[in-house]
> 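First the structure, then my questions, so here it is.
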Amino acid sequence: MLKPIAPRGDIVAGSRTSIPIFLQRVRTLVYQHEARRALFYVVAAIATILLVLPLLGILLGGSRATALAVLGTTGLILVLLVVGAIVLGVVAPRRRWGTDPELARWVGRRRREVASDLLSAVELASAPVRPGAPSPALVDALLDATSARLDDLDPPSLLEPAELSRARRWAAVAVVANLALGVAAPHMIADGWRSLFSARPAPFDGAKLSSVPLVGDLEALLTFPAYSRRPKLPLPSSSGDVRGLPGTRVALKARVLVPAATAELIVEPVDRGESKVIAAKLDGGQLTAELTIDHSARYRFAITSPSGERAIEIMPRAIEAEPDQAPAVQLMAPADPLDVSNLRRVELAYVIEDDFGITSAELVWEAGKDRGKKPIAIDERSRI
């Protein structure tokens, strides 16, 4: 009657054989080797990207939309590189060589002379109890013989030095190339990075520029501020250039010359400041819009087609803010400085001028500590 054979897993895990210690040393070296190799390759890839990016920035010519696309794509690639390095350098080796049999096969491919014995020793030592299993004495003999052969096998010699050297060489070349280009052309590199991170937005959000007018039969109606007492001024068949006092309301009406789903007025300050977008109303092929003159500026019509394509006029139309001059006072009499005594009556003659009219005026005087003011009567003709 056959007696049950004890499982041999405790033999591999025991301290009386060097096989577990050998495999653990090999596993540690393999993990370190793969992690370093992945690190060097990812450093080489990142250094190459950092070398190419400023060159792309120069070629793009400062296009903000393209720069954002390049930076976004680069960020995605960098994330994928880091994730790939973690997977290939950390996760995959542990999944591939985490068990003793798989690691024994890897050692056997590197050292054919111990391939069969090492794998057999590992598998037999961890084999479950079953009828017909090899005798413990045979397994012990195999373990002892294999352990003796492993004493002459140096774990670091199982690694391929060329693999790590190759990865290190690629990383060094990429880093040195970055440094060399930075030293040889620092201004070019700086301009390239500046083009990527400080590129100006595309004009009018990338709208298509139209060299021909997008609207025709343009009419303007100017409603001046009430204080100017100017009547409304219609401008039929206008070029679109308008001039008026600050506060003047301008009503525009035009015929759209292209298919349009929406229309806008883009008002741009002459000097500095943010552009302003004014929505226009569409009624069939007719466009209406209103704006208020508050400072000199220029404006363009922007049309969005039913397909979603946006076009804007290249040639702007002018908005000129007409200055409101301050009133001017000219003293006519007395013409020269006059010495007077107390209570003497002094006749004053003066002319008050303004570009629109005078609504009120006051005479203000000062004599030592004596100060005063007196309203001046303005007739209706002077008010206009």
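Heavy-atom basis, side chains included; hydrogens, waters and symmetry copies ignored. Start at 1 with the first residue, then count along the sequence.
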> Can you confirm whether R298 is buried at CZ, in the sense that more than 12 heavy atoms of other residues, nucleotides or ligands lie under 6.0 Å from that atom?
yes
> Check whether more than 12 heavy atoms from other residues, nucleotides or ligands sit under 6.0 Å from atom CD of Q286, and answer yes or no.
yes
> Would the number of heavy atoms belonging to other residues, nucleotides or ligands and lying under 6.0 Å from CH2 of W193 be above 12?
yes
> Between E123 and R105, is there a side-chain N and carboxylate O pair less than 4.0 Å apart?
yes
> Let me confirm one number: the CZ-CD distance from R300 to E268, rounded to the nearest 0.5 Å.
4.0 Å
> Between the side chain of R310 and the main-chain N/O of S305, is any donor-acceptor distance below 3.5 Å?
no
> Whether the side chain of R149 engages the backbone of A145 through a donor-acceptor N/O pair (distance < 3.5 Å, no angle test) should be reported.
no
> Nearest 0.5 angstrom please: D151 CG to D154 CG, how far?
11.5 Å
> Is it the case that the side chain of Y299 and the backbone of G240 share a donor-acceptor pair, with hydrogens and angles ignored and the cut-off at 3.5 Å?
yes
> Is the backbone of W97 close enough, under 3.5 Å, to the side chain of R27 for a donor and an acceptor to pair up by distance?
yes
> Between S147 and L143, is there a donor-acceptor pair closer than 3.5 Å when you use the side chain of the first and the backbone of the second?
yes
> Same cluster or not: are V52 and L78 linked, directly or through other Ile, Leu, Val, Met, Phe, Trp or Tyr residues, by side-chain heavy atoms under 4.5 angstrom apart?
yes
> Out of curiosity, does M188 fall in the hydrophobic cluster containing I49 (side-chain heavy atoms, cut-off under 4.5 Å, transitive links)?
yes
> Which pair of non-hydrogen atoms, one from V107 and one from V26, has the smallest distance, and what is that distance?
CG2-CG1, 4.0 Å
> Measuring from L233:CG to R243:CZ, what's the distance to the nearest 0.5 Å?
12.0 Å
> More than 12 heavy atoms of other residues, nucleotides or ligands under 6.0 Å from CG of D283: is that the case?
no
> Please name the residue in the list K253, E313, R255 that meets the side chain to side chain contact (heavy atoms under 4.5 Å, CB included) test with V215.
E313
> Please determine if R230 and E322 form a salt bridge, counting it only when a charged side-chain N lies under 4.0 Å from a carboxylate O.
yes
> Whether the side chain of N178 engages the backbone of A47 through a donor-acceptor N/O pair (distance < 3.5 Å, no angle test) should be reported.
yes
